[in-house]
Amino acid sequence: MDLLQRLWLELEKERMICLAGSGGKTSLLHYLGRQCAIRGIPAALLTTTHIQPPQEALFPLVEEVPEAARAWAAGRVPVVGSRRDRKSV
């Protein structure tokens with residue numbers, strides 16, 4: 001049984017997944033984004049705070065809708081928001 005089955009998630013049917021809690025949200029967010037990409041499901045990763053996107057081309061950091069649309073068209077998963085300053089805590 002994989003993580004998606006354990007969480008009772010069917011990415012093909014979900015329209016929005018919200019994460020809350022004190023730890024592991026960013027890792028889970030990246031995992032879900034990768035799973036959507038693998039399955040060919042258009043997805044975007046959004047946050048109400050700053051985010052450090054993974055250092056891979058699959059997750060471009062975008063600030064505008066046209067950038068997100070280009071990412072989706074290329075089979076990528078846009079991360080919408082502002083980059084977290086690496087020096088902040």
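- Nearest heavy atom pair, residue Ala43 against residue Trp72, reads O-NE1, 2.6 Å.
- Between His30 and Phe59, the shortest heavy-atom contact is O-CZ, 3.5 Å.
- Distance check, rounded to the nearest 0.5 Å: CZ of Arg34 to SG of Cys36 gives 12.0 Å.
- Heavy-atom neighbours of Glu56 CD from other residues, nucleotides or ligands within 6.0 Å: above the threshold of 12.
- Hydrophobic clustering (side-chain heavy atoms under 4.5 Å, transitive across Ile, Leu, Val, Met, Phe, Trp, Tyr) groups Leu58 together with Tyr31.
- Tested against Leu32 for a side-chain contact (heavy atoms from CB on, under 4.5 Å), the candidates Val77, Ile41, Ile17, Leu45 yield a single pass: Ile17.
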